[in-house]
Participant: 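Dropping the structure in here first, questions after.
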Number of protein chains: 2
Amino acid sequence: MQQVASPAFKSCSDCPIRHRAVCAKCDSDELELLEDIKYYRSFSAGQTVMWAGDHMDFVASVVSGVATLTQTMEDGRTQMVGLLLPSDFVGRPGRGEAAYTVTATSDLVMCCFRRKPFEQMIGTTPHIAHRLLEMTLDELDAAREWMLVLGRKTAREKIASLLSIIARRDALLGLAPPGKELQFELPLTREAMADYLGLTLETVSRQMSALKRDGVIILAGKRVVTVPDMDRLMTEAGDDSDGGYLV
Amino acid sequence: MQQVASPAFKSCSDCPIRHRAVCAKCDSDELELLEDIKYYRSFSAGQTVMWAGDHMDFVASVVSGVATLTQTMEDGRTQMVGLLLPSDFVGRPGRGEAAYTVTATSDLVMCCFRRKPFEQMIGTTPHIAHRLLEMTLDELDAAREWMLVLGRKTAREKIASLLSIIARRDALLGLAPPGKELQFELPLTREAMADYLGLTLETVSRQMSALKRDGVIILAGKRVVTVPDMDRLMTEAGDDSDGGYLV
DNA sequence: CGTAATTTTGATTGTAGTCAATCCCCGTGG
DNA sequence: CCACGGGGATTGACTACAATCAAAATTACG
C-alpha cells in the first residue's frame with residue numbers, strides 16, 4: 001500500500017511547508033524534537049489513506065498533493081467535509097480513531113507524527129499548541145463558509161464558489177501567472193466536486209458547461225480552468241466581490 | 001439594548017457552566033485572574049447580540065439560554081452556522097471583528113471576557129489554551145457532521161437529524177425524564193430550524209407534520225416534542241442507531 | 001488501436017421551493 | 001367577556017431546479 005518515502009528535501013528547515021504547517025512557530029530545538037517522532041509516507045493518486053473508524057496512531061501534515069476528508073452514509077451517499085492541501089493538518093490529538101475517510105486525490109506526501117509523543121508535545125510546547133489552535137479555528141471558519149454554500153446556494157453558485165476558492169488559493173500561493181486573467185488546474189474529478197458541493201456529477205458537468213458557454217470560465221481540457229474576470233466569477237458565486245476579509 | 005446583569009450565582013465556583021466552559025480546567029488562581037477581566041451581559045429572546053462585521057472587544061461563554069450564529073447573503077438568504085448552548089464559546093481570539101451575526105433565541109446570559117487580556121491569558125495559561133483547542137475541535141466535528149446533513153440528506157432526514165441532536169443533548173444533560181420515552185422543548189422557531197437545515201419554513205412545517213402523522217414524534221403545542229422510540233428517530237435521520245461514537 | 005474510465009448531453013421524474021390562503025395561539029383593548 | 005390583531009405555524013396548489021435513468025462522446029491508458 002503506502003510507502004515510507006524520503007522526500008526531496010533533507011530536513012525540516014528545508015521543508016516546503018515549514019512556515020505554514022503545525023510546526024510553523026517552532027524554533028530549531030523544537031523541530032529537533034519533532035524530527036524524532038516523525039516519518040514520511042507517500043500515497044499515489046486514488047489511494048485511501050485511512051478509513052473512517054480505523055485505528056490511528058499518528059497525526060500528520062500534508063507536505064505535497066491533495067487529499068479529501070469524506071463521510072459516507074450506509075446507503076453510499078458521500079459528502080466531502082474537508083479538502084486537505086499542503087500544510088493542512090490531519091487527525092485529532094486525543095482521538096485514536098479516524099472520524100473520516102482520507103483519500104489521496106493526487107500523489108500525496110504526508111509528514112506523520114507518532115500520536116502519543118505528539119500529544120505530549122502539545123502539552124509541553126506552546127508553539128505547537130498555539131499554531132494548532134489557530135489552524136483549527138481557520139478550519140472551522142472554512143467549514144462554516146462551506147455550510148452556507150451547501151445549505152443556501154444554487155448549483156451554479158456552488159460551482160462558481162468552488163472555482164473561486166481554488167482560484168483565490170492558487171493566486172495567493174503565487175502559483176498563478178500575473179495579469180488579470182487567472183488560470184489554474186482543478187485538483188478534483190467531477191465526482192469529487194459533486195461530493196464537495198452536495199450535487200450529482202451530472203449537475204456538476206452541466207453547470208461547468210453552462211459557465212463555459214456563458215464565458216465565465218474557459219476550459220482547456222477537463223481540468224485546466226481560465227477565469228477571464230475574477231469579479232464576474234465572484235458575482236456568479238453569490239459573494240460580493242469586495243467580501244472576503246479572510247482569504 | 002443589552003444590560004449588564006448580575007446572574008443568580010455569586011462567583012465562578014458556583015457557575016453552572018464551571019466544568020464545561022472554556023474555564024473548565026482552570027484552578028482557583030486562574031479563575032481569580034478571569035474574574036478580573038469578566039463581566040456579564042443579558043439579552044432577551046429575539047435580540048441581536050452582534051452583527052457580522054461589528055467591532056468586538058470581547059469573547060464570551062454562554063451561561064444560560066440559546067443563541068445562533070448566522071451568515072446572510074446580500075439577497076437575504078440565511079444559513080445558521082452554529083447553535084450556541086450553555087458553556088459554548090463565542091468569538092475568536094485574535095480577531096476584532098465578528099464573522100457572524102449572533103442572535104439570542106431565548107433569554108440569554110453571557111459571561112464576557114475583555115478580548116485583549118483574554119488573548120494574553122491564552123499565552124500564559126495552558127489550561128485555557130488547551131480547553132479552547134478541545135472545544136474548537138469539537139465544534140469542527142459538529143460542523144462537519146452538519147455538512148453531511150446539509151449536503152446529502154433529504155428534508156425528512158434533516159428534520160429527524162436536528163430532533164435527534166437536540167434529544168441526545170438534553171438526555172445527556174439530564175434534562176429529560178428517565179424511561180425510554182424522551183421529551184424535550186425545541187429551542188428554535190420553525191424559521192430558525194429552516195435556517196439551520198437549509199430548508200424553507202414551509203418544508204420544515206410539512207416534514208414535522210409528516211413525522212407526527214407517522215408516529216415518529218408526538219407534538220404537544222408547537223414546541224414540545226416527545227420521541228416514543230429514539231432508535232426509530234435515528235433511523236429516520238439516516239444515522240445508524242449504533243453510530244455516534246461522539247455524543 | 002481498443003477498452004475502460006470519465007465526462008457530457010438528453011429525457012424524464014420527483015423533491016423541495018414559491019406563492020397564497022388559512023389557522024392557531026396569545027395578548028390587548030374595547 | 002369577547003372582538004381584534006399579530007406572529008408563528010400549517011396546509012394547499014403549482015412550479016422549478018436538481019436528481020435520476022440512459023446513452024453518447026471524449027479522454028486516458030495499456
Side-chain angles (χ1 to χ4, degrees), chain A residues 44-47 73 75-79 103 105-107 149-163 185-214 217-225 236 238, chain B residues 44-47 68 73 75-79 103 105-106 149-163 185-214 217-225 236 238:
Chain A
S44 47
Q47 274 192 311
M73 296 170 66
D75 61 6
R77 281 177 284 175
T78 299
Q79 175 65 51
T103 310
T105 61
S106 70
D107 289 348
V149 172
L150 288 171
R152 292 302 186 191
K153 292 195 178 180
T154 65
R156 171 183 264 243
E157 289 170 336
K158 285 179 174 180
I159 299 287
S161 297
L162 175 56
L163 294 176
E185 193 181 336
L186 276 175
L188 301 172
T189 64
R190 295 289 185 265
E191 189 181 16
M193 291 173 71
D195 286 343
Y196 189 107
L197 298 170
L199 298 171
T200 59
L201 66 92
E202 293 96 325
T203 299
V204 169
S205 183
R206 272 184 245 280
Q207 296 299 336
M208 289 289 287
S209 300
L211 289 174
K212 176 181 164 190
R213 173 164 21 82
D214 298 346
I217 58 173
I218 298 161
L219 289 175
K222 310 287 178 192
R223 295 294 196 94
V224 177
V225 178
E236 292 286 355
Chain B
S44 47
Q47 275 194 309
T68 63
M73 296 170 67
D75 62 7
R77 279 177 284 176
T78 299
Q79 176 65 52
T103 310
T105 61
S106 70
V149 173
L150 288 172
R152 292 301 185 192
K153 291 196 177 179
T154 64
R156 169 182 265 243
E157 289 169 334
K158 285 179 174 181
I159 299 288
S161 298
L162 175 56
L163 294 177
E185 192 180 334
L186 277 174
L188 301 172
T189 64
R190 297 289 185 266
E191 187 181 18
M193 292 172 70
D195 287 343
Y196 188 107
L197 298 169
L199 297 170
T200 58
L201 67 92
E202 293 95 326
T203 298
V204 170
S205 183
R206 272 184 245 280
Q207 297 300 334
M208 288 290 287
S209 299
L211 289 174
K212 176 181 162 189
R213 173 168 17 85
D214 298 345
I217 58 173
I218 299 162
L219 288 175
K222 312 288 179 192
R223 295 293 195 93
V224 177
V225 179
E236 291 286 356

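Labels below follow one simple rule: chain letters A, B, ... track the order of the sequence lines, proteins then strands, and each chain is numbered from 1.
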Participant: State the OG1-CG distance between A/Thr189 and A/Leu201, to the nearest 0.5 angstrom.
Facilitator: 8.0 Å

Participant: Rounded at 0.5 Å granularity, tell me how far CZ in A/Arg152 sits from CE in B/Met73.
Facilitator: 10.5 Å

Participant: Does any residue of residues 200-212 of chain A have a heavy atom under 4.0 Å from DNA chain C, and if so, which ones, in number order?
Facilitator: A/Leu201, A/Glu202, A/Ser205, A/Arg206, A/Ser209

Participant: Can you see which heavy atom on A/Asp195 is nearest to which on A/Gln79, and at what distance?
Facilitator: O-NE2, 3.0 Å

Participant: Applying side chain to side chain contact (heavy atoms under 4.5 Å, CB included), name anything that partners A/Lys222, two or more places apart in sequence or on another chain.
Facilitator: A/Arg190

Participant: Would you indicate whether the side-chain heavy atoms of B/Leu162 and B/Leu197 approach each other to under 4.5 Å?
Facilitator: yes

Participant: Which atom pairs link the protein and nucleotides 28-30 of chain D when you take only N or O atoms and keep those under 3.5 Å?
Facilitator:
none

Participant: Is A/Arg77 paired with B/Glu157 through a side-chain N to carboxylate O contact shorter than 4.0 Å?
Facilitator: yes

Participant: List for me each residue that meets side-chain hydrogen bond (donor to acceptor under 3.5 Å, both in side chains) alongside A/Thr200, sequence neighbours excluded, and say none if there are none.
Facilitator: A/Thr203

Participant: Under a criterion of less than 4.0 angstrom to any heavy atom of chain A, what are the 5'-terminal and 3'-terminal contacting nucleotides of DNA chain C?
Facilitator: C/dT7 to C/dA11

Participant: Can you name the salt bridge (Lys or Arg N to Asp or Glu O under 4.0 Å) partners of B/Glu202, sequence neighbours left out?
Facilitator: none

Participant: Donor-acceptor check, side chain of B/Thr78 to backbone of B/Gly76, threshold 3.5 angstrom: yes or no?
Facilitator: yes

Participant: Rounded to the nearest 0.5 Å, what separates atom CG in B/Leu199 from atom NZ in B/Lys158?
Facilitator: 4.5 Å

Participant: Once you round to the nearest 0.5 Å, how far does CD1 of B/Ile159 lie from OH of B/Tyr196?
Facilitator: 11.5 Å

Participant: Residues from residues 151-161 of chain B sitting under 4.0 Å of DNA chain D, heavy atoms only?
Facilitator: none

Participant: Shorter than 3.5 Å, N or O on both sides, protein versus nucleotides 6-8 of chain D: list them out with atom names.
Facilitator:
none

Participant: Are A/Ile218 and A/Val225 close enough, and set up right, to give a side-chain contact (heavy atoms from CB on, under 4.5 Å), and what steps lead you there?
Facilitator: CA-CA 6 Å; A/Ile218 298 161; A/Val225 178; over 6 Å; no

Participant: Please tabulate, one pair per line, all N/O donor-acceptor pairs under 3.5 Å involving side-chain atoms of residues 206-213 of chain B, not counting sequence neighbours.
Facilitator:
residue, atom, partner, partner atom, Å
B/Ser209, OG, B/Ser205, O, 3.0

Participant: Grab the two heavy atoms, one from B/Thr105 and one from B/Ala45, that are nearest each other, plus how far apart they are.
Facilitator: O-CB, 4.0 Å

Participant: Apply side-chain hydrogen bond (donor to acceptor under 3.5 Å, both in side chains) to A/Asp107 and list each qualifying residue two or more places apart in sequence or on a separate chain.
Facilitator: none

Participant: For DNA chain C, please output the secondary structure as dot-bracket, reading 5' to 3'. Pairs are Watson-Crick or G-U wobble, both atom distances under 3.5 Å; mark crossing pairs with [ ], other-strand partners with |, unpaired with a dot.
Facilitator: ||||||||||||||||||||||||||||||

Participant: Could you go through A/Met193 and A/Leu186, starting from their C-alpha distance and side-chain angles, then the distance that decides it, and tell me whether this counts as side-chain contact (heavy atoms from CB on, under 4.5 Å)?
Facilitator: CA-CA 9 Å; A/Met193 291 173 71; A/Leu186 276 175; 3.9 Å; yes

Participant: With a 4.0 Å heavy-atom cut-off, tell me which residues in residues 192-199 of chain B come close to DNA chain D, sorted by residue number.
Facilitator: none

